Amino acid sequence: KRIFTLQFDRGVEDSEDVIESLFQKLRSAQLNRSVVVSAPESIKALFLKYIEQLHALESLSDSDLMGGGGGARRLREAKLLKNKAVARSKMADAIVPILNMWRNGVLIM
């Protein structure tokens, strides 16, 4: 059997590509009945990153995203905030399949 390592840190950029790559690695391990080894900190970091993304999205207000009443600078800031919110949302959505996959896995500590 092949042995894969799972390494994750909450400090990674808010990008669904990072999570998609991790999912593909785990999916490959699942399909080939391989072993995945990870430190508990990496598993915890992935869960916490998911919660962090959801919390950041929840804390945004509509007025933050609209940028109304502040001129061109406020509109630019609103656009940047919106792009960041979209990236966070996509990353959170990409983490869900990994968490679902783990529901059917085996954890040995």
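Not measured: the values here are computed from a predicted model.
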Hey, any chance [X] and [Y] share a hydrophobic cluster, counting ILVMFWY side chains that come within less than 4.5 Å of each other, even indirectly?
| X | Y | result |
| --- | --- | --- |
| Val96 | Ile43 | yes |
| Met101 | Val36 | yes |
| Leu54 | Leu99 | yes |

Ignoring hydrogens and geometry, is there a side-chain-to-backbone donor-acceptor pair from [X] to [Y] under 3.5 Å?
| X | Y | result |
| --- | --- | --- |
| Asn32 | Ser34 | no |
| Ser28 | Lys25 | no |
| Lys49 | Val12 | yes |

So how far is it from Arg88 CZ to Leu81 CG, rounded to the nearest 0.5 Å? 9.0 Å
Distance col, row Arg10:CZ vs Lys44:NZ, nearest 0.5 angstrom, shows 9.0 Å
Which pair of heavy atoms, one from [X] and one from [Y], lies closest together, and at what distance?
| X | Y | result |
| --- | --- | --- |
| Phe23 | Pro97 | CE1-CB, 3.7 Å |
| Glu16 | Ala94 | CB-CB, 4.2 Å |
| Ser59 | Ala56 | OG-O, 2.9 Å |
| Ala85 | Leu57 | O-CD2, 3.3 Å |

Does the pair Leu46 and Ile19 meet the rule for a side chain to side chain contact (heavy atoms under 4.5 Å, CB included), with working shown? CA-CA 9 Å; Leu46 187 65; Ile19 302 301; 4.1 Å; yes
More than 12 heavy atoms of other groups within 6.0 Å of Lys90 NZ: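 Not buried by this count: 12 neighbours or fewer within 6.0 Å.
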For residues Leu26 and Phe4, determine if any side-chain heavy atom of one lies less than 4.5 Å from a side-chain heavy atom of the other. no
Do Phe8 and Ile98 come close enough that some side-chain heavy atom pair is under 4.5 Å?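 The answer is no, as the side chains (C-beta and beyond) never meet within the 4.5 Å cut-off.
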Please test Lys84 against Asp14 for side chain to side chain contact (heavy atoms under 4.5 Å, CB included), starting from the C-alpha separation and ending with a verdict. CA-CA 8 Å; Lys84 192 168 190 171; Asp14 295 337; 4.3 Å; yes
Does a side chain donor of either Gln30 or Arg27 reach within less than 3.5 Å of an acceptor in the other side chain?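 Yes, a side-chain donor-acceptor pair sits under 3.5 Å.
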